[in-house]
Each structure stands twice: as C-alpha cells, then as structure tokens.
Amino acid sequence: MHSPAEAPAAVAPRRELASAGIVGLGTALPPNAVPSDVIGERLGLASGWIERRTGIGSRRRATTTMRLRDLAADAARAALANAGADPSEIDTVLVATMSADEVTPNAAPQVAHAIGATGAGAFDIGAACTGFVSGLTVGAALIESERAHNVLVVGAEILSRYTDPDDRPTAGLFGDGAGAVLLAPGRGGTLGRSVLGSDGAAAPFIRASQATRLIRMDGHETFKRAVRTLVANSVETVAANGLELDEIDLFVLHQANGRILSAVAESLGVEAERMVDAIAEVGNTSAASVPLALASARERGLLRDGSRVLLGAVGAGFTWGAVVVEWRQT
C-alpha cells in the first residue's frame, strides 16, 4: 500500500482537439476582363496560342485605383455573409498574398478593420501560390489548440502590377482576384491533416526582385517541378489522412496552368471530372487560386455534402501544401 507521498500521480484525461471546419466561402473579382488574344497580339502570338498553351481564355484586371485590401475585404464579407456570421465574432484574420498594397503595414490588419473585426489578431501569410493552403493550416491549428475560435482566411492578389506585359513566359498567365473562407470549431467542412513543404534550392525558377518588382519565371523547369510536386504532395497528404486516392471525390489544386492540371490528373490516375479546372476565366491568381477554384466547384454543383476534397498548391520558394476537407453544405 502506498503512503500519500508515494501515491502515483493522477493521469489527466487526454483532451480531444476541437475540429476546424469551413463554414463560409466567398470571392471577389475585379470587373475588367482581358482576353488572352489581346495579350497575345501585343506579344506577336497567333490567335488562340495562349489559351491552347495555358487553358486561360481571359483574366480579371484590377483598375489602377483598386487596392488589394479592398478586394480582400470584399471576399471576406462574402464569406461572412455565406456563414451568417458577424464580423465581431472573428478573432483572427489571416491574409495570404504576395501583392500587398504596401511593404508595411500588412494587408491583414487593414482587412480586419475594413470588415469591422475590431481588435482581431491579424497577420499576412507569405508562401506565394501555397499561401491560402498554408493559411488554412495555421487557422485550423489555432482553432484545434483553442487559441482562436473563428478564423478568417483570405487569399488575395493583384499580380497584374507585377507582370511585365512584354514578357512572353508570364504576360498571359496571371490574373487578379480574392477568395476567403471562415473557419469555426465543430461544424462545416472539417479540415483533416495537412502536409506542407518547401525547397529553397528551387527559388531561382520564379522570382520578382526588389529592383524590378516584376515576376520572372523559367517556364519549362517550373512546369516539371509543379507537376512532380503536386503529385507527390497529393499522394502524401491523402495517405496522411488514412485514405486512398480513389476515396477523394474532388481535387481542387492551384490553377497555375491547364496543362499542369491535366498532367497531374494523368499521373495520379484521376478522371477529368474529379480534377477541378477553373482557370479559363480567371488565370493564375496565386494565393487566391484555391478558394476561387473551390467557389467555382460549388457553383457548378460539384461539392456535395460529405464529399472528400483535396485542396493543394505549389508556388515560388518552392513551397507546397495540401489538406483534405470533408465538405459540408453551409
């Protein structure tokens, strides 16, 4: 028999993590659309060349007076409206972007202020095209650890301001836009395990220097690495969630190039109807790409209650990441 001093310490019951789910989804796009043939004509390309090579028929362009924080705030308001949530309920705002209006301050606190999320914690996520998926991972972790309750994650870009209209590898690729989701505990589309990664050795293949502030890209090398990385990251993330590829109902991957999406689908053995391709009218919108594609899937009736959806992206850095969501209608 143990004396009181020798009694074994009580073991605290294991606490279950709160689950984070998507309860609202919204988007915002500038009204101006620029057809690919307009860009192609400037570059001396034949009609239809850009669309055949990239799958992009047109993309949205912000006006010279439009601000990134306003575009992000519009998407945030749409997500809150979709969730039926009040801005005062938001305690954290994350904005994934590489085209903020100023070097400082970050976009996130300005977005929080614009939507009325007074006093919310706010910071930007810088991971290029992987930014939104990275933001989802951070937001879910905050909720699971009970360090936040309602987290707003926004992906927003005005990349037209960093695109050289005379640079053939990039002039026809990038578009402007924003998408946002509201994360909350215990309801909505539950986020499963995510897998993030990076390889700084590949940084030279997509760059925008402080000197020029224009995006330059090695298209051939980027294409190869994007396909290889999206395939490997998808397989790893699905396995991390205890699933097989054929148990994923919908793949919502970064909309970088239509040929990349086709190559990834072929490598994974995924039918075309399970791979969301929403690039035709918005182009490559970097951090806004995944939420815009997710919203497109919803509008087309591809998101069904209980669907398992893989969200994934690869971007400059190189960075990559993916997460499985069990979708619930909101």
Side-chain angles (χ1 to χ4, degrees), residues 20-32 60-143 145-162 175-185 188 191 213 285-292 294-295 330:
I22 296 173
V23 297
L25 170 63
T27 64
L29 291 168
N32 298 333
R60 300 299 181 93
R61 286 283 186 265
T63 65
T64 56
T65 58
M66 186 173 288
R67 296 177 298 183
L68 183 283
R69 59 182 176 267
D70 295 332
L71 192 62
D74 286 345
R77 292 187 190 97
L80 291 177
N82 180 236
D86 190 90
S88 63
E89 300 175 56
I90 308 304
D91 50 25
T92 309
V93 176
L94 309 177
V95 176
T97 188
M98 61 178 185
S99 53
D101 299 308
E102 296 100 5
V103 173
T104 191
N106 275 189
Q110 297 176 80
V111 171
H113 174 73
I115 65 174
T118 307
F123 56 94
D124 286 5
I125 302 286
C129 303
T130 315
F132 181 79
V133 176
S134 300
L136 286 180
T137 301
V138 172
L142 289 171
I143 290 172
S145 62
E146 298 182 354
R147 286 170 171 80
H149 191 73
N150 293 317
V151 179
L152 185 67
V153 183
V154 185
E157 302 286 11
I158 300 183
L159 291 182
S160 58
R161 292 172 186 165
Y162 302 89
D176 304 335
V181 297
L182 178 62
L183 302 180
L191 273 69
R213 301 185 70 81
T285 55
S286 188
S289 169
V290 169
L292 286 175
L294 188 63
T330 57

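Side-chain atoms are counted along with the backbone in the values below, which use heavy atoms only and exclude waters and symmetry mates. What you are looking at is a predicted structure, and each value in this text was computed from that prediction instead of being measured.
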Sole candidate of L136, L182, L94, V181 that passes side chain to side chain contact (heavy atoms under 4.5 Å, CB included) when paired with V151
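In the set L136, L182, L94, V181, the residue that makes a side chain to side chain contact (heavy atoms under 4.5 Å, CB included) with V151 is L94.
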
Can you list every pair that meets side-chain hydrogen bond (donor to acceptor under 3.5 Å, both in side chains) and has a residue in residues 123-133, with sequence neighbours left out?
T130-T319

Looking only at atom types and distance, does a side-chain atom of D176 sit under 3.5 Å from a main-chain N or O of A62, one as donor and one as acceptor?
yes

Given 3.5 Å as the limit, does a donor-acceptor pair link the side chain of E157 with the main chain of M98, or not?
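A pair under 3.5 Å: yes.
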
Are the side chains of [X] and [Y] in touch, meaning some heavy atoms are under 4.5 Å apart?
X    : Y    : result
R61  : R161 : no
E102 : R67  : no
T27  : P291 : no
V23  : L183 : no
V153 : V138 : no

Closest non-hydrogen atom pair, [X] against [Y]:
X    : Y    : answer
A108 : V93  : CB-O, 3.7 Å
S145 : L142 : OG-O, 3.3 Å
G177 : P30  : CA-CD, 4.2 Å
L68  : S99  : CG-O, 3.4 Å
N150 : A184 : OD1-CB, 3.3 Å

So that I can tick it off, tell me whether D101 and R69 are bridged by a salt bridge, with the cut-off set at under 4.0 angstrom between side-chain N and carboxylate O.
yes

Sort and list the pairs that fulfil salt bridge (Lys or Arg N to Asp or Glu O under 4.0 Å) and have at least one residue in residues 76-98, not counting sequence neighbours.
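Found D74-R77.
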
Among residues at least two apart in sequence or on other chains, which ones pass side chain to side chain donor-acceptor pair (under 3.5 Å) with [X]?
X   : value
T92 : none
R60 : none
T65 : T63

For residues 111-121, dump all side-chain donor-acceptor pairs below 3.5 Å to protein atoms at least two apart in sequence or in another chain.
none

